[in-house]
Amino acid sequence: QKEVEQDPGPLSVPEGAIVSLNCTYSNSAFQYFMWYRQYSRKGPELLMYTYSSGNKEDGRFTAQVDKSSKYISLFIRDSQPSDSATYLCAMCAPYNQGGKLIFGQGTELSVKP
Amino acid sequence: NAGVTQTPKFQVLKTGQSMTLQCAQDMNHNSMYWYRQDPGMGLRLIYYSASEGTTDKGEVPNGYNVSRLNKREFSLRLESAAPSQTSVYFCASSEARGQPQHFGDGTRLSIL
């Protein structure tokens with residue numbers, strides 16, 4: 001079993017739709033929970049990160065962490081064609097476990113005009 | 001604010017040639033990393049430097065060497081390039097090991 005599981009998609013939605021991206025994980029010691037956006041031929045861009053359970057909002061993006069279920073989500077409201085990219089969830093192991101960054105497989109999102 | 005800057009952006013090498021990939025960050029981060037990204041394999045850690053003066057192997061270190069030149073700069077060297085090292089290489093940095101990382105835009109390397 002992989003430490004982080006993410007549905008690879010691809011996911012295609014019409015412009016204006018609400019998008020839900022999800023990851024599950026197995027290591028209860030993970031601390032930081034991150035979402036990266038990667039456009040074609042670009043590096044992963046850190047979109048949002050949280051340290052604890054709960055919600056964090058930034059404009060049209062909401063990140064949600066449920067540590068009891070080992071489940072994280074990214075919601076994109078009023079999706080735009082410019083949101084078309086691959087979205088990667090990632091988690092940090094604590095420093096005493098090596099501090100490694102573990103990525104999900106990435107979900108390819110396409111928002112159609 | 002540039003963040004993480006990588007040079008060059010593209011490079012083609014012949015088998016056996018050597019090359020150094022450069023990375024610099026302007027966020028005053030302590031930790032820096034080198035990854036490679038291959039189709040179907042995701043991002044794999046090659047080497048990292050938890051702090052200035054230290055370097056450690058990641059998942060796939062064979063065929064590579066690194067130098068943490070100072071707090072800002074971390075270079076990756078291929079001593080004798082092989083076709084299996086054709087990949088996209090990303091440098092990243094974070095305040096400390098175990099904290100969110102910021103990535104550069106990558107170096108696309110082809111080895112013929």
Side-chain angles (χ1 to χ4, degrees), chain A residues 1-10 21 23 25 27-52 56 58 61 63 65 72 74 85-108, chain B residues 1-10 21 23-25 27 29-51 54-61 87-110:
Chain A
Q1 182 190 5
K2 292 183 180 179
E3 286 187 278
V4 178
E5 297 274 6
Q6 181 178 5
D7 185 345
L21 304 167
C23 290
Y25 62 95
N27 187 347
S28 59
F30 283 152
Q31 295 183 325
Y32 288 93
F33 302 89
M34 292 146 287
W35 286 96
Y36 287 87
R37 178 175 62 194
Q38 187 172 19
Y39 291 115
S40 180
R41 305 183 76 78
K42 288 287 192 179
E45 172 194 3
L46 182 59
L47 263 182
M48 300 178 70
Y49 70 90
T50 57
Y51 186 73
S52 58
K56 184 176 182 178
D58 183 3
F61 297 85
V65 174
I72 71 169
L74 178 71
T86 296
Y87 290 80
L88 299 128
C89 64
M91 296 158 202
C92 284
Y95 192 90
N96 60 6
Q97 288 186 15
K100 185 179 174 181
L101 189 63
I102 316 287
F103 285 93
Q105 300 94 308
T107 300
E108 187 179 344
Chain B
N1 195 356
V4 178
T5 303
Q6 293 183 236
T7 56
K9 295 191 186 311
F10 306 95
L21 279 59
C23 175
Q25 52 91 9
M27 294 173 281
H29 284 169
N30 292 299
S31 300
M32 297 185 74
Y33 313 82
W34 277 105
Y35 292 88
R36 60 179 290 174
Q37 188 176 40
D38 303 289
M41 302 293 289
L43 284 152
R44 292 182 291 170
L45 183 64
I46 304 171
Y47 269 95
Y48 68 94
S49 171
S51 61
T54 69
T55 61
D56 283 288
K57 295 178 180 179
E59 301 170 61
V60 288
S87 187
V88 183
Y89 291 85
F90 290 104
C91 178
S93 70
S94 64
E95 286 192 31
R97 188 97 169 109
Q99 295 195 10
Q101 296 176 20
H102 299 257
F103 285 78
D105 273 339
T107 294
R108 279 167 175 73
L109 186 61
S110 290

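Order of the sequence lines sets the chain letters (A, B, ...), proteins ahead of strands, with each chain counted from 1. The shown structure was predicted, so the numbers you read here are calculated from the model rather than taken from an experiment.
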Atom CD of B/Glu95: over 12 foreign heavy atoms under 6.0 Å:
no
Indicate every side-chain donor-acceptor pair of residues 87-101 of chain A with a distance under 3.5 Å to a residue at least two apart or in another chain.
{"residue": "A/Tyr87", "atom": "OH", "partner": "A/Asp83", "partner atom": "O", "Å": "2.6"}
{"residue": "A/Gln97", "atom": "OE1", "partner": "A/Asn27", "partner atom": "ND2", "Å": "3.0"}

Which atom of A/Tyr36 lies closest to which atom of B/Pro100, heavy atoms considered
OH-C, 4.3 Å
Measure B/Tyr89 against the heavy atoms of chain A and call it side chain, backbone, both or neither at under 4.5 Å.
neither
Are there residues of residues 102-110 of chain B whose heavy atoms fall under 4.5 Å of chain A's heavy atoms? If so, which?
B/His102, B/Phe103, B/Gly104, B/Asp105, B/Arg108
Contacts with chain B made by residues 40-47 of chain A (heavy-atom distance under 4.5 Å), listed by residue number
A/Arg41, A/Lys42, A/Gly43, A/Pro44, A/Leu46
Within residues 31-43 of chain B, residues adjacent to chain A where the heavy-atom gap is under 4.5 Å:
B/Tyr35, B/Gln37, B/Leu43
Counting C-beta onward and ignoring hydrogens, is there a side-chain heavy-atom pair between B/Gln101 and A/Tyr32 closer than 4.5 Å?
no
